[in-house]
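First comes the structure, then the notes that go with it.
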Amino acid sequence: MRQSRGLYATLILLYAFLLGPFLVIFIAAFGADATLAFPPRGGFSLHWFANVFQTSQFIESFWISLGVALLATFIALLLGIPVAYALVNFRFPGQGVLETIFSSPILVPGLVVGFAMLRFFVLFSGVNVFTGLLIGHTAVLFPYSVRVVSASLRNLDPALEQAAISLGANRLRSFMLVVLPNVRAGVAAAFILAFITSFNNVPISLFLTGPGVTTLPISMLVYMEYYYDPTIAALSTLLILFTIVLVQGAERLLGLSQFV
Amino acid sequence: MRQLNQNRIITILVTPALLFLSLFFLLPLAAVLGGSFRGETGGVTLAGYLDFFQDRTSLIIYWRTLRLGVLVTVLATIMAYPPSYLLSRMPARRRALLMSLVILPLMTNPVARTYAWLIILGRFGVINRTLIALGLTEEPVRLLFTETAIVIGLLQLFLPLMVLPLVGALENIPDDVIEAARSLGAGELTAFFRVIVPLSADGLVMGGTLVFTGAITAFVTPAILGGSRVLVMSTLLRQRALVAIDWPSATVVAAIMLLTTLAVNLLLRLFRPKMV
Amino acid sequence: MAYLDLIDLRVEYEKGQPILDGFNLAVEEGELVSLLGPSGCGKTTPLRAIAGFIEPSGGQIQVAGKDYTRLPPNKRDIGLVFQSYALFPHLTVNQNVAFGLRMRGIRGAESDRRVQEALELVDLSGYGDRRPGQLSGGQRQRVAVARAIVINPKLLLMDEPLSNLDAKLREGMRVELRRLQQRLGATMLYVTHDQAEALSLSDRIVVMNQGQIEQIGTPEDIFYQPSTPFVADFLGFDNHFVVMVQSIDGRRIHVQAGAYAFEAEERRDPAKLGETRLRPGDAALAYFRPEAATLAPEPAPNSLPGSVLLRTFRGSTIQYVVATDLGEFTVLASDASDPVDVGPAHVVFEPRSLVIMGSDKEQIAEGIKNGRT
């Protein structure tokens, strides 16, 4: 293969561009300098990692991010699985319109969603900050839950459910006893994808966080406005490693990339 | 199955989600659109839009947003196509591993991801120190807070959205189709442009849509790498809403972003008969 | 009244485009009836309607004297065996078979006992703890059967249950299914596109085409005496020519085709044929199987002169293509017969192997167009 050497070069270039920056962060995180420089000049240190855990705004916002992500993912799945089931198993008038509506939260720019919800829901209804944040995240995660679970349902042999029904199960029982156990990989993939999406979300949170209730990415942005030290690099290193573990695990178990 | 029964089941299944989205998502969005047409004293008016498009600064920001979107899309296509082709011809296991690495930028915390470019492009970053060490420049060059920085950051973020659908489309082209083209006398380049590219058009359109709409609405990347010096629509919206606290003008910016994205999606859907 | 009665059944997936219309079928208790036809002929539609997965837009379904037409599918007590088997992959063989019992509130020792019995019936005792993924295709098929029969269904429906097995296994399973059905005395409807399967399994066969019943009869009836051109074609009557009915004498039918006269013998009792009976002066079609005609060097009674164009050796048979005044025919001869060389020869018919059937005008027009008069 004569031309493949050139092709391989483009592949290496692509991966260098996509992943190289992560390497830069890892190295910067271990630098001892008080300001950001690369490569670090003042030797290596774990100081900035310690600083991450001593910065209370990171710790607090981490727990809030975790709580919002878990709850929002759970609610999005609770709302999304029935919708996915209906869209896959039935043909009915108005289905196209419904599908568009149900996928619209990912078509609309996140920032606009956040702004709209702040101005025309949160400020109107006076719900507390955490509830507003949770609702905003749920709305954005919802299409992912529908899409991934639908894909999984579509791959399921419809005869399985018919078999259960012909053996005497009603629809609910056949769903709980036969359908759901056989799409659990899809549900798990939806869960991971939605969780990551929420955990990383900035545009919605930017508008819907408030005093005392802020998510990790937002508190990182705020920190960067005031400090120019490698603490963020250290925190980023931890988050990237966390993502790699999650994504690789999910990819190996569930083939996540087909759902993105 | 049974008609009546079926309608009842569908209603039970979709109503909670529909109510949720209507109340918390569709209604506020409709309010943004409606609000953008409302004058200070009530009534319907285009004043908000006129103000926006007659103001030089905001007009520059709008065109910059679209221009950067096009640039990122074109560059992403060029950078993604050859490696995607190679990926699509790889054995499944190796491809799966490499693809899971491709999606990494999409899956990482956006602040963490963008922060890397701050280190690379900064005054004392990798590039400037290399340039100085090579004697190409004495003073650090300004790389951060430029359009170039934004384009680089967006490219890293959105390249995966081009690679994924491209690999998806390319892997569906059987090897023998390419071999058939070659055996019929097509050169390598001819086979590529006359056979492979048309057969992957679906993936290209899909990827292009995702990258372009993503690029014109991204927030974190332009916020960190463009700062307040190089504003785009998203950072402008933040500034008007959260810094200037000018609700009416922020509403117009939001409405324009919304309408632009919808228009792009609609336009590209016309070119794409079926969803890939 | 029959055990299973489909009365004037009408099914449409889209309004105004019926897949099935005016469909009537009666199956007696303990009978095994096959629905046979090419794919897309609508043969699974009655099955799905009986199981309750599609609602008929007209007509009635009765099982054991009870109206099933609008009964929910989970209340029908019907055993279904799917083409894909549809075993629950997350459950063990035991749990799969016990599923229907569980839905009926039968648990514990009673359930265990019945599951064991069902697995013994299909020769799978000892496999109860495996999962479907650990079984071979044939074993999965048996589990599917066990799962369907354990609930003592009023009716067994099978949708191409053997089509995912390889040829050898399929033949063995055919015999087993038939034996099981007779042992249980089950009433069974069996959908297949495989004529050999239908012929060897069934008490009666229903041949279907485009949602219509073409013929209902015993396997012998269908095989030897197809009553429509479609059935004849589908069952391997590869040759036909257009004839005119001259006279009918009991089972004997004399026909004329161009300059040639032939005698055919009806296998069925003509008194039972009713309105499908032929009358002298009718235009009709004469069908014969390639293996049911012989070649002779000299003219013989009931023969047609022609000329062998091509001889193909096919192992245990030899295939000839013969040109005659009535068209080109294929004749299959046993390898034990003397080979006939390319050149003049006579096609000889047994009266019993010539099947004469009435034909609409279009059929004859087509026959004329093909130069077979």
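- Looking at B:Arg113 and A:Ile25, their side chains never come closer than 4.5 Å, going by heavy atoms from C-beta outward.
- Remark: the B:Thr251 side chain and the A:Arg119 side chain contain an N/O donor-acceptor pair separated by less than 3.5 Å.
- At least one side-chain heavy atom of B:Phe219 sits less than 4.5 Å from a side-chain heavy atom of B:Arg238.
- Proximity to chain A (any heavy atom under 4.5 Å) is restricted, for B:Val220, to the side chain, taken from C-beta onward.
- In this structure, chain A has no heavy atom under 4.5 Å from any part of B:Ala255.
- A:Ser198 places no side-chain N or O within 3.5 Å of a backbone atom of A:Ala194 that could act as its donor or acceptor partner.
- With respect to the salt-bridge test (charged N to carboxylate O, under 4.0 angstrom), the residues A:Arg171 and A:Glu161 qualify.
- Applying the side-chain hydrogen bond (donor to acceptor under 3.5 Å, both in side chains) definition to pairs two or more places apart or across chains, none involves residues 15-29 of chain B.
- If you measure heavy-atom distances from B:Leu210 to chain A, you find no contacts under 4.5 Å at all.
- Heavy atoms closer than 4.5 Å to chain A are found in both the backbone and the side chain of B:Thr108.
- Only the side chain of B:Ile224 comes within contact range of chain A, judged by heavy atoms closer than 4.5 Å.
- Of the atoms belonging to A:Leu235, not a single heavy atom falls under 4.5 Å from chain B.
- No other option in A:Val202, A:Thr197, A:Leu118 has as many heavy-atom pairs under 4.5 Å with chain B as A:Val202.
- For B:Leu155, the parts sitting under 4.5 Å from any heavy atom of chain A are the backbone and the side chain alike.
- Interface remark: B:Leu21 contributes side-chain atoms only to the contact with chain A (heavy atom separation under 4.5 Å).
- Using a 4.5 Å cut-off between heavy atoms, B:Ile152 contacts chain A through both its backbone and its side chain.
- Applying the side-chain hydrogen bond (donor to acceptor under 3.5 Å, both in side chains) test to A:Ser174 and every residue at least two apart in sequence or in another chain returns nothing.
- Listed options A:Leu216, A:Val146, A:Leu19 were ranked by heavy-atom pairs under 4.5 angstrom with chain B; first place goes to A:Leu19.
- With a threshold of 4.5 angstrom between heavy atoms, A:Leu107 approaches chain B through its backbone and through its side chain.
- Ranked by heavy-atom pairs under 4.5 Å with chain A, the list B:Leu262, B:Leu258, B:Leu18, B:Leu26 is led by B:Leu18.
- Using a 4.5 Å cut-off on side-chain heavy atoms (C-beta onward), A:Phe195 and A:Leu66 make contact.
- Interface check for chain B: of the options A:Phe115, A:Phe102, A:Phe121, A:Phe92, the most heavy-atom pairs under 4.5 Å are formed by A:Phe115.
- Annotation: maximal heavy-atom pairing with chain B below 4.5 Å, among A:Phe242, A:Phe199, A:Phe142, occurs at A:Phe142.
- Ranked by heavy-atom pairs under 4.5 Å with chain B, the first of A:Ile75, A:Val108, A:Leu239 is A:Val108.
- If you measure heavy-atom distances from B:Phe24 to chain A, the contacts under 4.5 Å come from both the backbone and the side chain.
- Neither the backbone nor the side chain of A:Leu238 comes within contact range of chain B; no heavy atom of the residue lies under 4.5 Å from a heavy atom of that chain.
- Relative orientation of the A:Phe58 and A:Tyr223 rings is tilted, given thresholds of 30° and 60° on the angle between their planes.
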